[in-house]
Every structure is written in C-alpha cells, then in structure tokens.
There are 2 protein chains.
Amino acid sequence: MSQRNMDVTRQLIEQEACPVSEVIDHVAGKWSVGVIVAAAHGPVRFTELERAVNGVSRRMLTLTLRKLERDGLLVRTVYPTVPPKVEYELTDVARELLDTLRQLTDWAERHRMTITQARATYDLENESAAG
Amino acid sequence: MSQRNMDVTRQLIEQEACPVSEVIDHVAGKWSVGVIVAAAHGPVRFTELERAVNGVSRRMLTLTLRKLERDGLLVRTVYPTVPPKVEYELTDVARELLDTLRQLTDWAERHRMTITQARATYDLENESAAG
DNA sequence: CCGAATCCACAAGGATACTG
DNA sequence: CAGTATCCTTGTGGATTCGG
C-alpha cells in the first residue's frame, strides 16, 4: 500500500516530466491520426469511421474513440433513436491539430519511396554480412 | 489462384493505402519524437540521447535508433576509438520533419492542462456513475 | 447500429547482467 | 562508452459473443 503510493507518486512525476510525449502518443497513435482526419470534415458516425480508417477493428475503433473523447479531442453525441445513432465531432483543440497532422502525412507521402528503399538497403546490408 | 492474386492485390492496395500510417507510427512512436528532436541540433552520442530523452531505457533507445536508422532518418557513425564513440545525426529527410514535430509538441504543451482536466472530468463521470 | 465483455496471441517494453 | 542477451511483465489488438 505504500507501494501503491509510490506508484502514484512516480506516475505523477513522470507525467510532469513528459506529458508532451504522452499526449503525442495519443494523438499520433496507430489509429488516432486516421480517426482525427476522418472526422475533420464534420460529425461522423461509427460505421463511417469504421470504413474510413481502413484496417481498424470495431474494438480498436471504440478504444481509440474513447481515448480521444477522454482527452477532450472528440465529442460523442448519442441520439436515443432506434436504431441508435452516435456521432463524433472534433473539438476546437483537435482542429488545431489538423494542419500539423496533414503536414505529417504529406511528409510521409513525399518520402514514402525513399524510406522504403532505405529499409531495403539496410536489410540487405544486415542479411549479407551481419557485422 | 485467382484467390491468391486477390490477396496480393489487396495487400498492395492496403500498403498503398496506409504506408503513411506506418511511417507516421515510426516517427511518432513513443521514443522516436524525443530522439529526433534531441538530435536536431547536431550529431549526438548515445549517452547524450539517453539523458535527453528522459524515461528511455538503453534497450529501447537502441531499438529506436536502429529503426530510425533503417528508415533512413538517422545516420550512425562509429569511431573506432577506445573508448568507443558513436554519433547519430539526422538526415535531410528527417530534418524536414522538425518543424512539424515542433508544431506537435507546441500544441501538446499549449493544451496540456486542458487535456489533463478533460481527463479528470471524464474519469469522474465514469467512476461515480458508470452509465 | 453501436458498442461491451471475454478470451487469447503476440509484441512492446523494463530490469538486470554481461561484453568489447 | 555503447551496446547485447535474457527474463519477465504489461500492453496491444484480433476474434468472437452478447446486449441495448
């Protein structure tokens, strides 16, 4: 139980030390980027996201949405209709990210081939002579 | 065998659809951002990075460096001296990312408190009444 | 339609000890 | 100094099933 307190303290320290990298990890997580850009143009429904984000499973989409909602980047609106309808919309905080995220994806697309080739070269050098 | 071709085609499509997210995942990975910005000002040595990146373990730093080197974002130079000296330097491709990454960290710092509070609120609502 | 719950496989990551 | 090797814990994510 003092162990418990130690853990909490440690967590607080680490959070103060790099909240930035933690936040970045969230927004730049595997599915977060896709979700955010997919929600950029306006409110989207769950299944729209499911299709838009490509390889995401329902489970991971749900988890990602919860995380983003928890961080205040996404607002979740439930319409108590039948069948149920849920819409997700970016908050202003999240919208500020869109430009940056687009820069990131632009960069990735620009250097896609370069990076792919760099990997191939690297792998060759390591396969042939491991030293 | 047309099935086989279908699979290959699908894989190619998916690779074309999201090499971006894969690349982003690498550069925005847990430690990659820290390593890249730490190496921004010039060549850095291993232990410099170890101190600069904060919570990173030697193991993870090594793995991160290898990944970035493989992607052609980092150049590793070994000086065969004693004691050994290894320097890491960003490539031009990686340098193009610096502005974007800084925008990301700036955004994170600007909204650090907002996000922290959003989480607290969210957690309270979920703890007190789980539904 | 939009999830929650459970199970399971695997990968990420930390701790520690050892090397050249 | 700059790693490598090993063990072990935690997290990530798919598959499936169930419910409102």
Side-chain angles (χ1 to χ4, degrees), chain A residues 3-4 6-7 10-11 13-14 17-18 21-22 24-35 38-39 43-70 74-89 126 130-131, chain B residues 14 18 21-22 24-35 38-39 43-70 74-89 125-126 129-131:
Chain A
Q3 181 58 39
R4 164 72 179 169
M6 292 270 298
D7 289 349
R10 168 170 286 260
Q11 284 207 358
I13 290 173
E14 289 184 355
C18 46
S21 75
E22 191 197 348
I24 288 177
D25 236 39
H26 280 195
V27 305
K30 185 165 186 176
W31 307 111
S32 307
V33 181
V35 169
V44 279
R45 303 185 57 174
F46 189 86
T47 29
E48 292 184 71
L49 287 171
E50 201 174 355
R51 283 192 302 268
V53 180
N54 182 3
V56 72
S57 66
R58 261 217 302 289
R59 177 181 141 87
M60 288 321 295
L61 181 54
T62 301
L63 292 180
T64 303
L65 289 170
R66 288 292 172 279
K67 201 161 64 179
L68 292 176
E69 188 196 355
R70 188 168 104 102
L74 223 53
V75 175
R76 178 170 176 263
T77 310
V78 182
Y79 299 92
T81 61
V82 45
K85 174 178 168 181
V86 180
E87 277 186 346
Y88 296 90
E89 189 169 15
N126 271 69
Chain B
E14 288 183 357
C18 11
S21 77
E22 191 197 346
I24 288 177
D25 238 38
H26 279 195
V27 304
K30 185 165 185 175
W31 308 111
S32 307
V33 180
V35 169
V44 279
R45 304 184 56 172
F46 189 86
T47 28
E48 292 184 72
L49 288 171
E50 200 174 356
R51 283 192 302 266
V53 179
N54 178 5
V56 72
S57 66
R58 270 221 292 294
R59 177 182 141 86
M60 287 321 295
L61 181 55
T62 302
L63 292 181
T64 303
L65 288 170
R66 289 291 174 278
K67 200 162 65 179
L68 292 176
E69 188 196 358
R70 187 169 104 102
L74 224 52
V75 175
R76 178 169 176 266
T77 312
V78 182
Y79 299 91
T81 60
V82 44
K85 174 177 170 180
V86 180
E87 276 187 347
Y88 296 89
E89 189 169 15
E125 289 174 4
N126 272 67

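- Of all nucleotides in DNA chain D, those with any atom nearer than 4.0 Å to a heavy atom of chain B start and finish, going 5' to 3', at D:dC1 to D:dT6.
- In this entry the distance linking CE of B:Met60 with C1' of C:dA15 reads 14 Å, nearest Å.
- Rounded to whole Å, atom P of C:dC2 lies 9 Å from atom CG of A:Leu49.
- The OG atom of B:Ser32 lies 9.0 Å from the CG atom of B:Asp25; values are rounded to the nearest 0.5 Å.
- Annotation: the span from B:Tyr88 atom OH to B:Glu48 atom CD amounts to 12.0 Å, rounded to 0.5 Å.
- Across all their heavy atoms, A:Val44 and A:Ala38 have their closest contact at CG1-O, 3.8 Å.
- Atom-to-atom distance recorded for B:Trp31:CH2 and B:Leu49:CG is 13.0 Å, nearest 0.5 angstrom.
- Among the nucleotides C:dG3, C:dC18, C:dC1, the one closest to any side-chain atom of A:Arg76 is C:dG3.
- A heavy-atom distance below 4.5 Å is not found between the side chains of B:Val35 and B:Val33.
- Taking atom CZ on A:Arg58 and atom P on C:dA5, their separation rounds to 15 Å, with Å as the unit.
- Taking all atoms of both residues into account, the shortest heavy-atom contact from B:Val56 to B:Glu50 is CG1-O, 4.1 Å.
- Residue B:Tyr79 is classed as having no contact, given no heavy-atom separation below 4.0 Å to the nucleic acid.
- Nearer the 5' end of DNA chain D, as judged by each residue's closest nucleotide, is the contact made by B:Pro83, out of B:Pro83 and B:Asp25.
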Only pairs under 3.5 Å count here: list side-chain donor-acceptor contacts from residues 59-69 of chain B, not counting sequence neighbours, and write none if there are none.
from, atom 1, to, atom 2, distance (Å)
B:Thr62, OG1, B:Arg58, O, 2.9
B:Thr64, OG1, B:Met60, O, 2.7

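- In this structure, CG of B:Leu63 is placed 9 Å from P of C:dA12, rounded to the nearest angstrom.
- Between A:Lys67 and B:Thr62, the residue whose closest nucleotide on DNA chain D is further toward the 5' end is B:Thr62.
- Considering only the side chain of A:Arg59, C:dC7 comes nearest among C:dC2, C:dC7, C:dG13.
- Both A:Arg66 and B:Val56 sit near DNA chain C, but only A:Arg66 has its closest nucleotide nearer the 5' end.
- For the pair A:Leu61 CG and C:dA4 P, the interatomic distance rounds to 11 Å; values are reported in whole Å.
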